[in-house]
Amino acid sequence: MADLPLDSPRVVALKSRLFPWWDDNARDLPWRFGRATPWGILVSEVMSQQTQMSRVAPYWITWMNAWPDARALAKASTAEVITAWGHLGYPRRALRLQECARVVAEQYDNRLPQRYEELIALPGVGDYTASAVLSFAFGTRIAVIDTNIRRVLSRAALGVESLGGAATVADRKLANDLLPRDSKESNVWNQATMELGATVCTAKNPQCEICPLYEKCNFVAAGKPGLAEGRTRPRQHFKGTNRQVRGLILHALRSKTDMEPVRYQELVKLWPKSAQLDECLMSLDADGLIELLPDKAIRFPK
DNA sequence: CTCCAGATCC
DNA sequence: GGATCCGGAG
């Protein structure tokens with residue numbers, strides 16, 4: 001792959017168009033523009049893993065109001081945490097976030113560490129989240145690699161469709177090659193590129209006609225070869241899967257106003273296939289999302 | 001139907 | 001690398 005020097009005309013042109021677009025079009029999400037602590041930024045990133053930002057915002061406000069810092073979240077009950085997670089999906093993220101809060105509270109005196117190696121060692125924090133926190137919360141110059149940035153950079157700079165699947169070495173090299181040298185600019189670059197991918201340069205139907213990069217986009221110049229052919233991930237069903245059943249089970253628990261257990265008989269009415277139901281009860285119990293009682297009644301863990 | 005600001009396990 | 005884990009907006 002050809003190198004793309006930072007000072008190449010193409011990169012300068014992309015930057016000069018992307019930054020003004022960001023100034024005019026950045027969504028006013030509650031954790032942006034210096035209004036959140038580093039911990040708040042981390043919470044927003046964890047909530048946003050596989051969940052759209054627009055859905056995250058109201059949950060984040062309620063969550064941060066209840067538990068403003070890691071110490072507060074560390075002291076919450078599991079039942080409160082799972083309930084507050086609501087319908088964000090993938091509730092194991094909520095448990096990991098609380099585990100993360102405990103580590104931060106106990107080992108880091110309630111302050112997020114600022115080294116990549118320490119961040120990525122935290123529960124529920126992978127490469128993306130660690131990089132995002134470093135860039136967005138601490139202003140560190142680091143390339144953020146997510147599905148949006150991979151798609152935008154691959155299209156605009158290389159003129160080819162992003163393949164999807166796990167991030168490749170080439171993806172990382174490209175993101176690092178294009179990342180502005182100045183830390184403040186790199187922060188804006190990361191956020192603006194992600195925002196563009198989320199709102200304009202989308203996977204299936206990009207709105208090229210309103211894209212600030214249109215005139216300089218190599219993907220447009222090449223005639224958008226293979227648009228949306230690269231699957232972002234293997235197709236995932238939902239209906240009939242254990243994920244649906246697990247969701248139904250947790251919804252039954254959440255809907256209880258008190259901490260009263262849910263009887264197995266009620267669960268069977270929600271999902272008559274008892275073998276799958278039992279499997280899901282076992283896995284939820286193993287995950288620590290429910291407590292399985294001897295008669296197959298369930299309740300939230302303490 | 002599609003896709004999502006991923007992490008984790010195998 | 002592949003599979004699993006949720007749920008809603010478009």
Side-chain angles (χ1 to χ4, degrees), chain A residues 26-27 29 31-32 36 41-60 82 85-97 99-100 119-137 142-153 162-169 171 175 187 189-207 227-251 253-254 276 279-280 282-284 286-289:
Chain A
R27 290 171 291 180
L29 298 166
W31 50 84
R32 284 183 171 170
I41 303 284
L42 173 68
V43 172
S44 80
E45 294 302 339
V46 172
M47 286 183 169
S48 301
Q49 292 165 2
Q50 297 293 286
T51 303
Q52 290 89 335
M53 287 285 185
S54 54
R55 291 176 51 206
V56 165
Y59 283 95
W60 184 86
I82 298 173
W85 195 257
H87 294 265
L88 282 173
Y90 296 136
R92 292 188 298 191
R93 290 182 294 164
L95 296 184
R96 300 248 166 77
L97 184 56
E99 295 167 20
C100 174
L119 284 169
I120 203 172
L122 295 170
V125 176
D127 172 73
Y128 164 74
T129 304
S131 304
V133 166
L134 285 173
S135 180
F136 305 152
I142 184 170
V144 174
I145 314 286
D146 85 313
T147 181
N148 286 317
I149 288 187
R150 288 169 62 199
R151 183 174 58 252
V152 171
L153 297 186
S162 181
L163 290 179
T168 64
V169 174
D171 291 332
N187 171 305
W189 173 268
N190 285 327
Q191 294 202 72
T193 307
M194 253 192 282
E195 188 84 343
L196 189 70
T199 62
V200 176
C201 191
T202 53
K204 195 175 180 183
N205 296 112
Q207 298 182 266
L227 173 62
E229 277 182 7
R231 300 282 284 272
T232 55
R233 57 180 58 243
R235 179 157 167 266
Q236 286 186 307
H237 301 280
F238 177 63
K239 191 167 184 172
T241 63
N242 287 354
R243 281 182 298 137
Q244 182 188 13
V245 179
R246 285 166 58 107
L248 288 172
I249 294 167
L250 285 184
H251 181 65
L253 265 182
R254 272 194 221 98
Q276 186 180 21
E279 180 189 350
C280 291
M282 296 285 288
S283 70
L284 286 168
D287 286 343
L289 284 164

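In what follows, chains are A, B, ... by sequence order, proteins preceding strands, each numbered from 1.
Protein atom CG of A:L163 is 16 Å distant from nucleotide atom C1' of C:dG2, rounded to whole Å. Rounded to whole Å, atom P of B:dC4 lies 14 Å from atom CD1 of A:I149. Between A:L97 atom CG and B:dG6 atom P the separation is 16 Å, expressed in whole Å. Counting to the nearest Å, the P atom of C:dC5 and the CG atom of A:L250 are 12 Å from each other. As a whole-Å value, the separation of A:Q49 CD from B:dC3 C1' is 17 Å. The distance between atom CG of A:L284 and atom C1' of C:dC6, rounded to the nearest whole Å, is 11 Å. In this structure, A:N242 places its CG atom 12 Å from C1' of C:dA3, rounding to the nearest Å. Rounded to whole Å, atom C1' of B:dG6 lies 5 Å from atom CD of A:Q50.
Annotation: C:dG8 and B:dA7 have their P atoms spaced 22 Å apart (nearest Å).
Contact between the side-chain N/O atoms of A:R151 and the OP1/OP2 oxygens of B:dC4 is found at a separation under 4.0 Å. For the OP1/OP2 pair of B:dC4 and a distance below 4.0 Å, the side-chain nitrogens and oxygens of A:T51 include no atom meeting the criterion.
Within 4.0 Å of A:D287, counting heavy atoms only, lies no atom of the nucleic acid at all. Nucleic acid contact class of A:E195 (heavy atoms, under 4.0 Å, all strands): base. The residue A:T129 sits close only to the backbone: its heavy atoms come under 4.0 Å of sugar-phosphate atoms, none of a base.
To the nearest 0.5 Å, the span separating CD on A:Q191 from CG on A:L196 amounts to 13.5 Å.
Applying the ring pair (Phe, Tyr, Trp, His ring centres under 6.0 Å) criterion to A:W189, with sequence neighbours excluded, gives no partner residue. Partners of A:R96 by salt bridge (charged side-chain N to carboxylate O under 4.0 Å, His left out), not counting sequence neighbours: none found. A:R150 pairs by the salt bridge (charged side-chain N to carboxylate O under 4.0 Å, His left out) definition with A:D171, not counting sequence neighbours. Taking A:E195 as the reference, A:R27, A:R32 meet the salt bridge (charged side-chain N to carboxylate O under 4.0 Å, His left out) condition, with sequence neighbours excluded. When the side-chain contact (heavy atoms from CB on, under 4.5 Å) test is applied to A:E279, the partners found at least two apart in sequence or on another chain are A:N242.
In the set B:dG6, C:dG7, C:dC5, the nucleotide with an atom closest to the side chain of A:F238 is C:dG7. Residue A:R246 has its side chain nearest to C:dC6 when only C:dC6, B:dA7, B:dC3 are considered. Of the candidate nucleotides C:dG7, B:dG6, C:dT4, C:dT4 has the atom nearest to the side chain of A:R92. Distances from the side chain of A:K204 to the nucleotides B:dT2, C:dC6, C:dG8 place B:dT2 closest. When distances run from any side-chain atom of A:P91 to the nucleotides B:dT2, C:dC5, C:dC6, the shortest one goes to C:dC6. The side chain of A:H87 approaches C:dG7 more closely than any other nucleotide in the set C:dC5, C:dG7, B:dC4.
Between A:Q276 and A:T241 the shortest heavy-atom distance is NE2-C, 3.6 Å.
Aromatic ring orientation, A:W60 versus A:W31: perpendicular (interplanar angle above 60°, classes split at 30° and 60°).
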Could I get a table of every N or O pair under 3.5 Å where one atom is in the protein and the other is in nucleotides 8-10 of chain B?
residue: B:dT8; atom: OP1; partner: A:G124; partner atom: N; Å: 2.7

